[in-house]
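Structure first, commentary second.
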Amino acid sequence: GPTMAKSKFEYVREFETDDTCLPHCWVVVRLDGRNFHRFSEKHNFAKPNDGRALHLMTKCAQTVMEELEDIAIAYGQSDEYSFVFKRKSNWFKRRASKFMTLVASQFASSFVFYWPDYFEDQPLLYPPGFDGRVVLYPNNQTLKDYLSWRQADCHINNLYNTVFWALVQQSGLTPVQAQERLQGTLAADKNEILFSEFNINYNNEPPVCRKGTVLIWQKVGDVTTKEVKLPAEMEGRKVAVTRTRTKPVPLHCDIIGDAFWKEHPEILD
Ligand code: ATP
Ligand code: ATP
Ligand code: MG
Ligand code: MG
Ligand code: MG
Ligand code: MG
Ligand code: MG
């Protein structure tokens with residue numbers, strides 16, 4: 001403020017606790033939609049995978065990466081997204097609460113702001129919320145294992161959900177019957193049910209559903225139309241200008257194996 005004089009109340013600041021993230025660690029913020037089981041039903045999500053919802057989630061994550069600082073990579077599936085801050089980031093002095101609340105609020109406001117672009121015929125019925133947590137990973141291996149864990153979770157859930165909803169939607173089983181049918185089955189059994197009963201080869205399901213979405217910074221050629229200063233006789237002409245920009249680009253690839261990290265070593269710099 002204009003005066004730096006301290007009031008007698010100033011001492012209460014000492015009650016604030018230090019939540020600085022340990023230096024040199026990867027800082028991961030993971031968000032998860034609050035009670036999206038209910039939210040997805042109320043908003044008529046297609047089951048098992050609503051593409052509008054997946055694409056809206058990714059739009060929100062791209063907005064978070066563009067508006068906030070120092071996010072190296074993000075990974076999302078279902079109603080969750082993880083954001084990885086660079087090891088050397090000193091944004092907000094590495095305060096965990098700043099990272100977490102800025103990610104969560106930017107994501108949630110974007111979700112509401114961009115909702116009509118993705119759900120054209122489905123009104124948003126109530127304000128959704130997202131919980132957040134911060135986890136530190138001390139080295140590249142634990143960070144890669146963290147992301148592998150989320151992608152493995154995506155795979156396990158999506159395989160289950162794909163069979164479950166085929167049994168409900170195509171074989172007319174009740175949800176309880178479908179659940180009982182799948183009790184104790186292994187991945188191979190689920191693949192077999194899909195193939196023999198529904199003629200579905202799981203590997204041909206959309207990558208966005210099987211692998212989730214990885215967002216990494218990549219150069220993209222942006223063609224924009226621009227008014228440019230030209231000699232008087234050509235005044236007001238619009239000219240196509242190609243600028244390269246770095247943007248968060250979505251990929252639906254495997255991030256568990258080494259290939260992804262060999263192809264994009266700069267992420268871990
Ligand atoms: P930071 O991201 O660090 O919080 P900031 O610009 O939000 O940066 P604050 O110290 O939070 O800084 O100050 C908020 C500023 O927002 C005020 O200084 C004022 O300029 C503006 N502001 C907030 N609420 C109002 C309001 N109701 N009417 C007019 N101005 C407002
Ligand atoms: P919590 O508040 O504990 O996170 P939740 O109901 O959100 O409760 P989750 O384990 O996060 O529980 O599961 C999210 C649920 O949201 C999924 O089980 C699924 O029913 C639904 N869901 C999320 N994204 C989609 C989508 N793209 N298409 C269809 N359903 C979805
Ligand atoms: Mg303020
Ligand atoms: Mg949960
Ligand atoms: Mg949830
Ligand atoms: Mg979830
Ligand atoms: Mg402020």
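Keep in mind that what you see is a predicted model, and the values were worked out from it rather than measured. Remember, it's 1-based here, ligands and their atoms both numbered in the order they're listed.
- Trp115 meets the ring-ring contact (aromatic ring centres under 6.0 Å, His included) test with Phe39, His43, Phe111, Phe119; sequence neighbours excluded.
- The distance from ligand 2 to the heavy atoms of His37 drops below 4.0 Å at these ligand atoms: 5 (P), 6 (O), 7 (O), 15 (C), 16 (O), 20 (O).
- With a 4.0 Å heavy-atom cut-off, ligand 2 is reached by the backbone of Phe36 and by its side chain too.
- With sequence neighbours excluded, no residue satisfies side chain to side chain donor-acceptor pair (under 3.5 Å) with Ser110.
- When all heavy atoms of Pro175 and Phe164 are compared, the pair lying nearest together is O-CE1, 3.5 Å.
- Contacts between Lys47 and ligand 2 below 4.0 angstrom, taking non-hydrogen atoms only, involve the side chain exclusively.
- Applying the 4.0 Å criterion to heavy atoms of Arg34 picks out, from ligand 2, the atoms 2 (O).
- Among Ser40, Pro48, Pro128, the residue whose heavy atom sits closest to atom 29 (C) of ligand 2 is Pro48.
- Residue Asn49 approaches ligand 2 through these ligand atoms, each under 4.0 Å from one of its heavy atoms: 28 (N).
- For the pair Arg38/Asn35, a side-chain contact is recorded, criterion being any heavy-atom separation below 4.5 Å from C-beta on.
- Ring planes of Tyr202 and His155: perpendicular class, angle over 60° (limits at 30 and 60°).
- Listed by number with element, the atoms of ligand 2 under 4.0 Å from a non-hydrogen atom of Ala53 are 27 (N).
- If you look at Asp79 and ask which of its N, O or S atoms sits nearest the Mg ion (ligand 6), the answer is OD1.
- Some N or O of Asp32 is nearer than 3.5 Å to an N or O of ligand 2, by distance alone.
- Those atoms of ligand 2 with a heavy atom of Asp50 less than 4.0 angstrom away are 26 (C), 27 (N), 28 (N), 29 (C).
- Not a single donor-acceptor pair under 3.5 Å links the side chain of Arg30 to the backbone N or O of Arg133.
- Remark: the backbone N or O of Arg210 is not paired with any side-chain donor or acceptor of Gln77 at under 3.5 angstrom.
- A distance-only check finds a donor-acceptor pair linking the side chain of Gln177 to the backbone of Thr174 [under 3.5 Å].
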- prompt: Are Phe99 and Phe92 close enough, and set up right, to give a ring pair (Phe, Tyr, Trp, His ring centres under 6.0 Å), and what steps lead you there?
  reply: CA-CA 8 Å; Phe99 283 17; Phe92 283 99; 7.7 Å; no
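- Heavy-atom contacts of Ala46 reach the following atoms of ligand 2: 28 (N), 29 (C) (cutoff under 4.0 Å).
- When the N, O or S atoms of Asp32 are ranked by distance to the Mg ion (ligand 6), OD2 comes first.
- Taking every non-hydrogen atom of Leu54 and a distance limit under 4.0 Å, the qualifying atoms of ligand 2 come out as 27 (N).
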